[in-house]
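A quick write-up on the structure given underneath.
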Amino acid sequence: MSSIFVIVVVISFLFGVRKPIVGCIAGTIATAISYYLFIEDFDLLIFFIVTAVGLVLSLLVAYFSSWFFCCNSR
């Protein structure tokens with residue numbers, strides 16, 4: 001389960017440097033796909049919970065990466 005969140009952090013960091021909302025969307029999609037592919041016993045409720053946590057995590061990482069690299073480059 002933790003490998004899913006590592007994938008989400010990396011993807012949302014890469015896409016969120018320039019546009020945080022794109023990083024948030026990419027992280028959420030990566031969460032859903034990773035859970036569907038890597039977890040063997042699929043449960044719909046857990047899927048929605050993991051996707052919601054992935055949405056919040058990718059939103060935080062994308063906005064932090066955008067803020068950190070844009071504010072420090074000036």
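Atoms CZ and OG, from Arg18 and Ser65 in turn, are 11.0 Å apart once rounded to the nearest 0.5 Å.
Taking the six-membered ring for Trp and thresholds of 30 and 60 degrees, Phe64 and Trp67 have ring planes inclined between 30 and 60 degrees apart.
Note: the hydrophobic cluster containing Leu60 does not contain Val22 (ILVMFWY, side chain heavy atoms under 4.5 Å, direct or indirect links). Val56 and Ile25 fall into different hydrophobic clusters, where Ile, Leu, Val, Met, Phe, Trp and Tyr are joined by side-chain heavy atoms under 4.5 Å apart, directly or via other members.
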Show me the donor-acceptor pairs, under 3.5 Å and distance only, between side chains in residues 6-15 and residues at least two apart or in other chains.
residue : atom : partner : partner atom : Å
Ser12   : OG   : Val8    : O            : 2.8
Ser12   : OG   : Val9    : O            : 3.3

Solution key, residues 29-49 side-chain donor-acceptor pairs under 3.5 Å, sequence neighbours excluded:
residue : atom : partner : partner atom : Å
Thr31   : OG1  : Gly27   : O            : 2.8
Ser34   : OG   : Ala30   : O            : 2.7

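Other members of the cluster containing Leu59 are Tyr63, with ILVMFWY side chains joined at under 4.5 Å, either directly or via other members.
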